[in-house]
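This report concerns only the one structure given below.
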Amino acid sequence: MARFIFVTGGVVSSLGKGLSSASLGYLLKSQGYKVRIRKMDPYLNVDPGTMSPFQHGEVFVTDDGAETDLDLGHYERFTNISAKKSDNITTGKIYSDIISKERRGDYLGKTVQVIPHVTERIKQFIKKDIKNEDFVICEIGGTVGDIESLPFLEAIRQFSNDIGKEKTLFVHLTLVPFLKSSDEIKTKPTQHSVKELRSIGIQPDIIICRSQQSIPLDQRKKISLFCNIPIERVIETVDVKTIYEAPISFFNEGLDKQVLKFFKIKPKKKINLSPWKNVTKIVTDKNLKVINIAIVGKYVDLKDAYKSLDEALVHGGIKNNVKIKIIRIESDKLRISEIRKKLIDASGILIPGGFGKRGTEGKIACINYARKNNIPFLGICFGMQMAVIEFARNVLKIKKAGSSELDNKCFSVVGLIEEWSKNGKIVKGTSTKLGGTMRLGLYKAKLQHNSKIKDIYKSKIIHERHRHRYEVNIKMKKKFEKKGMLFSGLSPDNNLPEIIELRNHPWFIGVQFHPEFKSRPLDPHPLFSSFIGAAKKNNEKPNN
Ligand code: GLN
């Protein structure tokens, strides 16, 4: 039977619970164990799909088409285990299930309550869809003490009693601040946080202490004493230079060792951390050449809004031995007259996914600049749709070319499609309800012979993750191809353009899917590797 590890956070948010869970997942997996990582989010949205990236950061999409919290992206990037729909739950989803059951009369007249009904539903989620996993790591969003996370904490307390203490381990991540004025490391916030946790019946088994500097033995002893845990289970995590160092640092601190010891098991195989060491070495190398990549989008102010994308670019940099500097350009505020000035230092231009009209003309103008000046260009999802519109307007001379998402009076080279086929079956979307109604998750595409994209993927068939409602109009294929924009990747039924590329351009590719979700630091995505390779080449051009 699986062992369950619950990861909670205390003192403040954003301490890196996701990264800690992901690193632990990696360490256990690479010692021969089968691991699953899941996230429980205390907010009332049913999923993050309809939440603004400004509020919540990127929406991460799984193979099976769930719109999830961006922490699932960390889990995947570190462990290379594909997350599933069943790996993310929110309070909203739990309540919506319970309320539908109540409306159907399934509770047979009983009063429906947080305990036991909500907690039971949470416990079902924790166990759901687990087969032969050795470890299930469950991260609980929020901070201990928040009202919203209480039902989750109560549920994991009960869960531990239900399946046995020897099968569950509680990890608590806290902040151990350093006070400059008194030149001291303070353990009191950790003590308080653990006290809070114990007041709801949870005694942590391992405490991970996030700190700016190494925690001296005396302070560790204090934490051990006041928090009632053996000293070797006080694990410190000192700020690392790059997140890729996290698995190495947790290994050196013995996090995995303590976990295995707790469960009274031994590693099944010896761990090899050299891939992470290599990656860390490249990323922290001060002598690496810097390549500037411009991301022109609407959500550039919040870094996490394009989390997977930023990561995938770094991965492409790792593959090409260069450092990536991202220049973020807010498309909404961009004046057409400034484009050259803003983009002059960019060796590559990327337009990411997006929704709605705001900022689109700025994006189209940047695409025009990339196309005319032979600057490597990657358009992702909305970015590909904008590239098609730019080409239609300026090369095919269809002045009113546009997308019906943005303007219902335009000549729609990009339009709404409400049905598409998946594995021979028709899947329906809808435009009237927003949540979960897009073309979501993994879809197959065929790549055209003699195309740049086929050389990049080195394969005829690819599978990539989608998240969109609109599609490029396939009826335009011939017209575009005649003028040099190839529809070089298509859905298996030939109805949906999946990839476009320009024939007479060093590197100009648009993809209807999101390749960034499948890029890994230890296995950079070929599209990003190739894009950064092209940007590097562009940067080395004599006139630069
Ligand atoms: N808004 C566009 C659509 O729905 C693109 C979505 C995206 O970029 N993810 O088709």
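Counting starts at 1 for both ligands and their atoms, following the listed order.
- At least one N or O atom of G354 sits closer than 3.5 Å to an N or O atom of ligand 1.
- Less than 4.0 angstrom separates some heavy atom of C381 from each of these atoms of ligand 1: 5 (C), 6 (C), 7 (C), 8 (O), 9 (N).
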Would you give me the side-chain donor-acceptor pairs under 3.5 Å for residues 320-327, sequence neighbours excluded?
from	atom 1	to	atom 2	distance (Å)
N320	ND2	G316	O	2.8
N320	ND2	S529	O	2.9

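- Of the protein's non-hydrogen atoms, the one nearest atom 10 (O) of ligand 1 is Y470 N, 2.8 Å.
- Using modelled atom types and a 3.5 Å distance limit, the side chains of E58 and S308 yield a donor-acceptor pair.
- At a 3.5 angstrom cut-off on N or O pairs, F382 counts as close to ligand 1.
- Between H514 and ligand 1 there is a heavy-atom distance shorter than 4.0 Å.
- One side chain, K541 or N538, offers a donor N or O that lies under 3.5 Å from an acceptor on the other.
- Aromatic ring centres of F487 and F480: separated by under 6.0 Å.
- Of the polar atoms of Q512, none of the N or O atoms is found under 3.5 Å from an N or O of ligand 1, judged by distance alone.
- Between the side chains of E501 and S488, at least one donor N or O sits under 3.5 Å from an acceptor N or O.
- The ring of F528 has its center no closer than 6.0 angstrom to the ring center of H315.
- Contact annotation: for E405 versus ligand 1, heavy atoms closer than 4.0 Å belong to the side chain alone.
- R467 O, 2.8 Å is the protein heavy atom nearest to atom 9 (N) of ligand 1.
- Within the 4.0 Å heavy-atom cutoff, E471 does not count among the residues contacting ligand 1.
- Each of the following atoms of ligand 1 lies closer than 4.0 Å to a heavy atom of H468: 3 (C), 4 (O), 6 (C), 10 (O).
- Side-chain contact annotation: E139 with Y75, donor-acceptor N/O pair under 3.5 Å present.
- Ring geometry for Y244 against F78 counts as tilted: the plane angle lies between 30° and 60°, on a 0 to 90° scale.
- Residue, atom and distance of the protein heavy atom nearest to atom 4 (O) of ligand 1 are R469 N, 2.9 Å.
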